[in-house]
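Read the structure below first, then the notes.
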Amino acid sequence: MSTGEVDRSTSEEPWPVRVVSQKIGAWIGRLGWVWVDGQVAQISRRPGASTVFLTLRDPSADLSLTVTTNRDVLDVGTPELREGARVVLHAKPEFYAARGTLSLRADEIRQVGLGELLARLEKLKKLLAAEGLFDRARKRRPPFLPNRIGLITGRASAAERDVLTNARRRWPAVEFRTVNVAVQGPSAVPQIIDALKVLDTDPTIDVIIIARGGGSLEDLLPFSDEALCRAVFACRTPVVSAIGHETDAPLLDYVADLRASTPTDAAKRVVPDLTEEVRLIGQARSRLERAVGNLVDREQHRLDALRSRPVLARPQVMIDQRSTELTLLRQRAGRCLHHRLAAADDELRHTLARLRALSPAATLERGYAIVQRADGHVVRAAAEVGKGDPLRVRLADGELAATVDG
């Protein structure tokens with residue numbers, strides 16, 4: 001910047017639009033030539049004109065740029081270029097200050113070949129797998145009978161007809177919320193992602209089906225887009241992928257919670273068959289009735305066997321037996337008690353006889369007497385008393401007082 005030029009970046013003085021546009025153009029001009037990858041949304045060839053206009057769209061975002069190139073560049077690089085093709089072009093960004101628009105000027109255009117597309121898809125597949133987007137542990141099982149099904153598919157497409165027809169044939173009361181989107185081309189991915197957001201935030205939706213019929217690898221490219229795969233991975237609602245035929249395997253099949261080989265298969269996997277369920281319920285009821293019948297029969301046999309036993313057939317027999325046993329036991333107890341009392345009586349009589357035989361009273365009755373001094377001491381020898389000592393003589397019947405004379 002020269003010393004006379006004012007630094008408007010720090011000045012409060014506003015810039016004219018012309019100056020802003022010129023500065024933006026200068027900054028963009030510094031980018032130089034770059035390689036750009038995108039999808040052709042529109043081709044405009046004017047008869048007699050040497051310039052061809054292309055609209056290049058980002059496959060993963062709602063963003064597009066205008067590309068200008070010479071007809072010879074297009075004829076040499078991609079003579080059969082069509083809308084929807086994936087291309088890589090060498091271009092220089094240009095900003096038109098007068099209109100305030102950004103465009104690309106291309107000097108080389110290459111259509112991405114099938115081999116290169118497959119290599120890119122394989123690289124992206126490995127990246128997503130390493131990040132855990134294909135992990136089976138995080139996949140959710142759709143509900144057995146969804147309250148309402150969200151369907152993302154092309155308008156009036158065969159895929160939409162197959163899903164709706166087969167689902168309602170299997171379960172007539174099933175409800176759908178269908179969001180029609182572009183299923184190929186540059187606008188497919190943004191529309192599908194927007195539809196996913198709408199259905200995922202709907203609390204009445206229990207499962208989301210993304211369906212499309214078969215097509216070439218280029219037609220199915222939107223369903224291998226990284227942004228779409230990440231949007232499906234972030235969904236809180238289970239997502240079913242029903243893209244193409246059995247042999248088609250876009251990356252969406254690996255990220256979705258359930259992969260269906262065809263749209264018809266998706267209807268069969270998400271909605272139960274009413275006729276089959278009624279048949280299974282009938283079979284289950286029959287098995288249950290047989291099981292209950294067999295159980296009742298077994299218990300009846302057990303009851304009959306118990307009732308046929310004597311203890312239940314004639315319950316008084318046991319009472320009679322116990323009564324007889326009780327009578328016998330009482331008789332035995334009586335005899336035992338009598339014998340013990342008789343033996344105890346005999347023993348008592350013998351003891352009394354021995355006591356009487358040893359008793360002093362019995363000795364006195366035989367004519368003996370007991371002589372005691374006045375202090376009560378029994379006199380056993382004549383030397384124990386003296387003349388004139390008072391004595392007491394106990395007889396068998398009564399007592400006598402005596403005095404020792406000599």
Side-chain angles (χ1 to χ4, degrees), residues 136-138 140-141 143-145 272 276-406:
R136 292 182 177 273
R138 60 152 296 274
R140 297 153 294 184
R141 183 188 298 273
F144 170 73
L145 182 58
E276 180 66 15
E277 296 303 321
V278 171
R279 185 183 68 81
L280 292 176
I281 292 174
Q283 291 181 351
R285 291 184 61 182
S286 299
R287 290 196 301 269
L288 182 60
E289 290 175 356
R290 288 195 300 270
V292 173
N294 293 335
L295 179 60
V296 172
D297 291 341
R298 287 197 303 270
E299 296 303 321
Q300 184 64 49
H301 292 326
R302 290 181 60 188
L303 289 176
D304 294 341
L306 291 173
R307 292 177 62 187
S308 64
R309 295 180 180 180
V311 69
L312 292 180
R314 291 185 299 162
Q316 69 276 8
V317 172
M318 184 174 66
I319 297 176
D320 294 340
Q321 291 176 351
R322 296 295 180 266
S323 178
T324 303
E325 292 177 0
L326 181 60
T327 302
L328 294 175
L329 289 173
R330 290 180 64 184
Q331 292 175 355
R332 288 177 58 188
R335 288 193 299 270
C336 290
L337 181 60
H338 178 72
H339 291 160
R340 294 190 65 179
L341 289 175
D345 184 63
D346 291 342
E347 184 178 357
L348 181 60
R349 284 198 301 270
H350 293 158
T351 302
L352 287 174
R354 288 194 299 271
L355 287 175
R356 288 193 182 101
L358 298 174
S359 173
T363 303
L364 295 177
E365 287 179 355
R366 292 198 298 270
Y368 292 94
I370 300 174
V371 180
Q372 294 176 312
R373 292 186 307 190
D375 58 2
H377 181 73
V378 176
V379 179
R380 293 180 176 83
E384 294 181 358
V385 297
K387 185 178 180 179
D389 290 340
L391 297 175
R392 188 178 64 176
V393 181
R394 290 184 61 185
L395 303 175
D397 186 10
E399 295 181 357
L400 294 177
T403 303
V404 178
D405 291 337

How would you list, by chain and number, every residue that makes a side chain to side chain donor-acceptor pair (under 3.5 Å) with Asp304, sequence neighbours excluded? Gln300
Interatomic spacing from OG1 in Thr403 to CG in Leu391 - rounded to 0.5 Å: 7.5 Å
Supply the atom-to-atom distance Asp346 CG to Leu341 CG, rounded to the nearest 0.5 angstrom. 11.0 Å
Just how far is it from atom OG of Ser286 to atom CD1 of Ile281, taken to the nearest 0.5 Å? 12.0 Å
So which atom in Val404 and which in Gly386 form the shortest heavy-atom distance, rounded to 0.1 Å? CB-O, 3.2 Å
With the side chain counted from C-beta on, respond yes when Arg332 and Arg335 share a heavy-atom pair under 4.5 Å apart, and no when they do not. yes
Does Glu299 have any salt bridge (Lys or Arg N to Asp or Glu O under 4.0 Å) partners at least two apart in sequence or in another chain, and if so, which? Arg302
Between the side chain of Asn294 and the main-chain N/O of Arg290, is any donor-acceptor distance below 3.5 Å? yes
Are any non-hydrogen side-chain atoms of Val385 and Arg373 less than 4.5 angstrom apart? yes
Give a yes or no on whether the backbone of Pro272 and the side-chain of Glu276 come within a donor-acceptor separation of less than 3.5 Å. no
For the atom pair CG (Leu352) and CG (Leu348), what is the distance rounded to the nearest 0.5 Å? 4.5 Å
Taking the side chain as everything from C-beta on, heavy atoms only, tell me whether Val292 gets closer than 4.5 Å to Val296. yes
Under 3.5 Å, side chain of Ser323 to main-chain N/O of Ile319, donor-acceptor pair present? no
For Arg330, does the CZ atom sit with more than 12 other heavy atoms under 6.0 Å from it, leaving out its own atoms? no
Glu325, CD atom: more than 12 neighbouring heavy atoms under 6.0 Å: yes
